[in-house]
2 protein chains.
Amino acid sequence: MVEKHELHEKGLRLTPQRELVLQAVRELGHATPEEVADKVRQTHPGINLSTVYRNLETLENVGLVQHTHLGHGGATYHAAEELTHLHLVCGECGSVGDAPIDVAANFVQNLADDYGFRTDVTHFAIYGTCAACVK
Amino acid sequence: MVEKHELHEKGLRLTPQRELVLQAVRELGHATPEEVADKVRQTHPGINLSTVYRNLETLENVGLVQHTHLGHGGATYHAAEELTHLHLVCGECGSVGDAPIDVAANFVQNLADDYGFRTDVTHFAIYGTCAACVK
DNA sequence: TAATAACTCGCAAACTATTCGCAAGTAGTG
DNA sequence: CACTACTTGCGAATAGTTTGCGAGTTATTA
């Protein structure tokens with residue numbers, strides 16, 4: 001159980017709720033706090049939404065999950081180990097596609113070279129129009 | 001007055017409030033709805049926040065302004081004619097830098113070639129750590 | 001220019017997403 | 001097993017944004 005160690009290092013605890021939230025994020029792939037809450041409630045109806053928010057934040061500080069902005073409103077959370085792709089959000093149909101981070105390698109390098117900017121391409125989605133909607 | 005024409009084409013009107021909102025966006029460069037409202041109120045105290053929201057939306061439909069997601073919560077608006085740069089948001093210090101869209105040309109091309117995805121790089125900010133904070 | 005229809009505005013209430021305060025509960029340490 | 005700091009649930013509070021509605025404006029047509 002990797003997470004136990006990660007948490008204890010910072011004086012945090014591995015509570016049942018925390019395990020459930022982390023597990024839900026891992027199973028869902030990407031999910032908003034609300035979706036995580038729903039998932040967790042399937043087995044543990046009592047869990048509170050603010051607990052989910054707090055735990056997502058905690059797990060993020062510890063590095064077990066990360067959030068990404070896919071658009072307006074809500075952030076979506078990923079398990080840290082799955083964050084190997086960037087998100088292509090289509091403004092027409094709203095679909096979210098994936099692409100390996102490699103396609104951005106060149107871009108990231110440009111920004112580093114020209115501006116000293118260290119880019120995290122996964123944090124924001126890449127916005128545009130998907131192949132299906134371009135037609 | 002370009003905007004009058006743009007609006008009339010869609011059966012919309014150029015009201016004093018609309019002019020003021022558009023002018024504020026142009027002067028501010030980037031601004032949240034709230035900031036636009038504040039700016040407009042310096043000369044016209046009576047204007048309502050919801051009018052600003054509605055007019056930003058209207059002006060966006062017509063193509064005179066555009067919004068960008070710079071982070072959590074709020075969108076920020078730009079005059080359409082100024083949207084020639086992308087935004088580098090620093091996660092450490094919160095600063096927003098600019099870079100010409102050219103640095104992303106290669107990246108955009110990759111996405112088009114490999115995924116048929118037509119990218120609007122300006123819509124979402126590019127997240128990372130700025131040169132100053134990297135040190 | 002009067003009548004009519006369509007568009008806008010201001011205001012207040014409604015919403016959505018997220019955070020906070022606090023008392024009660026509990027994991028982890030010794 | 002007791003103790004302490006971290007956590008939870010709950011309800012209320014916020015922030016940002018949207019909506020309903022009546023009154024006011026403007027464009028169009030006759």
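The analysis underlying the following values was restricted to heavy atoms, covering all of them including side chains, and did not include hydrogens, waters or symmetry mates. Naming: A, B, ... by sequence-line order, numbering from 1 per chain. Values in this document were obtained by computation on a predicted structure and should not be read as measured data.
Of the residues in residues 35-46 of chain A, none lies under 4.0 Å from DNA chain C by heavy-atom distance.
Of the possible donor and acceptor atoms, one in the side chain of B:Glu35 sits under 3.5 Å from a partner among the backbone N and O of B:Thr32. Between the side chain of B:Gln66 and the backbone N or O of B:Tyr77 there is no donor-acceptor pair closer than 3.5 Å. Remark: side-chain polar atoms of A:Arg41 are paired, donor with acceptor, to backbone N or O of A:Ile47 under 3.5 angstrom. Looking at A:Thr76, its side chain never comes within 3.5 Å of a backbone N or O of A:Ala31 through a donor-acceptor pair. Using modelled atom types, no side-chain atom of B:Asn55 and backbone atom of B:Val21 make a donor-acceptor pair closer than 3.5 Å.
Over its length, the helix from C:dT1-D:dA30 to C:dG30-D:dC1 turns its helix axis by 30°, as judged from the five terminal pairs at each end, rounded to 10°.
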Per-nucleotide protein contact along nucleotides 19-27 of chain C, 5' to 3', at a 4.0 Å heavy-atom cut-off (B base, S sugar-phosphate only, - neither), is BBB----BB
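Between the P atom of C:dT8 and the NZ atom of B:Lys4 lies a distance of 13 Å, rounded to the nearest Å. Rounded to a whole Å, the CG atom of B:Leu56 is 14 Å from the P atom of C:dT8. The separation between B:Glu9 atom CD and D:dA27 atom P is 16 Å, rounded to whole Å. One atom, CG of B:Leu20, and another, P of C:dG10, lie 10 Å apart when rounded to the nearest Å. Whole-Å rounding puts the A:His69 NE2 to C:dA17 P distance at 15 Å. We find that CG of B:Leu22 is positioned 14 Å from P of C:dT8, with the value rounded to whole Å. The distance between atom OH of A:Tyr77 and atom P of C:dA17, rounded to the nearest whole Å, is 14 Å. Atom CG of B:Leu59 is separated from atom P of C:dC7 by 16 Å (rounded to the nearest Å).
Note on ring orientation: taking the six-membered ring where Trp is involved, the planes of B:His123 and B:His69 are perpendicular (angle over 60°, cut-offs 30° and 60°). Classified by interplanar angle (parallel below 30°, tilted 30° to 60°, perpendicular above 60°), the ring pair A:Tyr127/B:Phe124 is perpendicular.
Atom CG of A:Leu56 is separated from atom CG of A:Leu64 by 11.5 Å, given to the nearest 0.5 angstrom.
Within the structure, no pair that satisfies the salt bridge (charged side-chain N to carboxylate O under 4.0 Å, His left out) test touches residues 94-115 of chain A, not counting sequence neighbours.
Within the 4.0 Å cut-off from OP1 or OP2 of D:dT8, not a single side-chain nitrogen or oxygen of A:Asn48 is found.
Listed nucleotides: C:dC11, C:dC9, C:dT8. Nearest to the side chain of B:Arg18: C:dT8.
Map A:Gly11 and A:Ile47 each onto its nearest nucleotide of DNA chain D; the residue landing nearer the 5' end is A:Gly11.
When each of A:Glu60, A:Glu57, A:His78 is checked for a side-chain hydrogen bond (donor to acceptor under 3.5 Å, both in side chains) with A:His67, only A:Glu60 meets the rule.
Across all strands shown, B:Glu34 has no heavy atoms under 4.0 Å from either base or sugar-phosphate atoms.
A search for salt bridge (charged side-chain N to carboxylate O under 4.0 Å, His left out) contacts involving B:Arg13 returns nothing, not counting sequence neighbours. By the side-chain hydrogen bond (donor to acceptor under 3.5 Å, both in side chains) test, A:Glu34 is found to be paired with no residue, residues two or more places apart in sequence or in another chain being considered.
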